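Predicted, not measured: the structure shown is a model, and the values here were computed from it. Remember, it's 1-based here, ligands and their atoms both numbered in the order they're listed.
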Amino acid sequence: MEAIKSTDSEIFELIRREEIRQCDKIRLIASENYVSTAVLQATGTVLTNKYSEGYAGKRYYEGQQIIDKIECLAIDRAQKLFGAEHVNVQPYSGSPANVAVYLAFLKPGDTILGMALPHGGHLTHGAGVSISGKYFNAVSYELNRETGLIDYEAIREQAFSCRPKMIIAGHSAYPRLLDFERFRAIADECGALLLVDMAHFAGLVAGGAHPSPIPFADVVTTTTHKSLRGPRGAMILCKEQHAAAIDKAVFPGMQGGPHNHTTAAMAVAFKEADSQEFREYAHQVVENGRTLAEIMKRKGFNLITGGTDNHLLLVDLTSKGIGGKPAARALDQAGIVVNYNAIPFDPRKPGNPSGIRLGTAAVTSRGFKEKEMIRVGEWIDAVISDPENEGLHAEIAQDVASYCRAYPPPGITL
Ligand code: DSN
């Protein structure tokens with residue numbers, strides 16, 4: 001970073017501090033990860049200098065000899081990795097990808113049926129504050145109050161009553177596998193399209209640690225930077241019959257020029273994900289989730305659905321007598337980074353809900369396994385048992401930092 005240092009010492013210093021923060025803290029934010037040095041390098045290349053509206057062979061600017069090859073490589077690798085008929089790698093991130101899908105298939109006012117935001121759905125699955133809730137007639141399905149699980153029969157009944165044009169499966173905070181076959185059957189029965197947003201678990205799908213939605217969904221969207229461990233970006237995977245509509249919706253419908261440096265970094269990440277090492281990583285992410293769930297339960301924490309099948313845990317802190325926000329703050333002071341999160345049927349407000357969300361994708365990338373997850377669970381318990389003891393939090397933060405130094409994360413050399 002010599003050039004950054006000499007040009008802009010303030011930004012240099014802030015980046016350096018963020019590197020240290022990412023090294024010295026235990027990152028349990030379920031949507032975050034560490035990219036490899038190769039992915040990081042691809043994002044910082046001259047590809048950022050090029051405009052390339054359009055698609056390979058059909059661009060609106062000259063000089064695409066290399067860009068076309070890069071984009072085609074990213075597409076080929078994504079098709080192979082996920083077994084998809086068609087892939088568009090241009091969406092800037094997950095939300096624009098989802099909106100592009102709506103643009104491809106829906107008219108304003110059409111009905112969509114997605115998981116309620118407070119139950120683990122995403123903003124773009126129909127939340128009132130999002131374009132998806134403002135421009136469409138968004139109907140939400142909720143989780144079962146007793147089990148915290150998806151109630152497919154209830155969704156089926158809701159689908160028959162509201163007749164959605166599109167059903168959305170996928171989540172930001174649901175710790176269990178999705179039954180894509182069941183979603184497909186419901187969509188078929190009521191004549192809806194099925195969109196699966198696999199942003200959170202795409203890496204697990206790529207690594208064979210989670211069922212794939214590709215055979216069942218009309219369209220699948222995903223970010224590339226969560227469990228898939230690529231750069232900040234997104235893609236849309238679909239059946240060939242929808243290819244033209246999807247491509248037209250992304251460009252010119254939603255976006256201008258694709259971010260070519262991101263496309264190249266995606267291609268690198270897809271190559272990395274198509275490996276035995278990544279498959280082992282994906283399975284370890286799930287194992288680490290299970291181990292963390294077990295230790296948390298032993299320490300008396302109440303987990304929504306009682307555990308996890310994927311990379312995330314949703315912890316209901318009600319029995320611990322603390323809100324999600326002060327808990328997340330206290331954990332951050334102790335070097336453990338999580339986000340506060342609503343739980344299903346949360347009686348508290350979203351600004352300080354009843355839960356926290358934990359994820360294992362990032363810590364697994366730095367080599368944490370069962371032993372380390374038990375240690376993490378013990379630290380979490382120590383903090384939540386004494387949430388106002390700043391001295392204790394500072395001590396734990398020091399222990400966490402020295403512990404973490406033995407597990408250098410990919411992409412960062414201090
Ligand atoms: N912000 C992401 C998450 O944390 O789940 C979803 O886009």
Can you report which non-hydrogen protein atom sits closest to atom 1 (N) of ligand 1, along with the distance?
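In this structure, atom 1 (N) of ligand 1 has S31 OG, 4.6 Å as its nearest protein heavy atom.
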
For atom 5 (O) of ligand 1, find the nearest protein heavy atom and state the residue, atom name and distance (0.1 Å precision).
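Looking only at protein heavy atoms, the one closest to atom 5 (O) of ligand 1 is H200 NE2, 2.7 Å.
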
Any luck finding a side-chain donor-acceptor pair between R375 and Y403 under 3.5 Å?
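Absent: no donor and acceptor within the cut-off.
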
Measure centre to centre between the rings of H200 and Y174, then say whether the value is under 6.0 Å.
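Centroid distance H200-Y174: not below 6.0 Å, so no.
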
Between F216 and F183, does the ring centre distance come in under 6.0 Å?
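No, the ring of F216 stays outside the 6.0 Å limit from the ring of F183, centre to centre.
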
Is E13 salt-bridged to R16, going by a charged N under 4.0 Å from an acidic O?
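Salt bridge present between E13 and R16.
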
Contacting atoms of ligand 1, where contact means under 4.0 angstrom from a heavy atom of S172:
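Close to S172: 5 (O), 6 (C).
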
Using a 4.0 Å cutoff against the non-hydrogen atoms of H122, which atoms of ligand 1 qualify?
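With H122 as reference, the close atoms of ligand 1 come out as 6 (C), 7 (O).
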
Specify side chain, backbone, both or neither for R357, according to which of its non-hydrogen atoms lie closer than 4.0 Å to ligand 1.
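Just the side chain.
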
4.0 Å heavy-atom contact, E32 with ligand 1
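E32: no contact with ligand 1 (<4.0 Å).
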
Verify side chain to side chain donor-acceptor pair (under 3.5 Å) between R232 and S93, making sure each step is shown before the conclusion.
CA-CA 7 Å; R232 297 298 287 251; S93 205; 5.3 Å; no

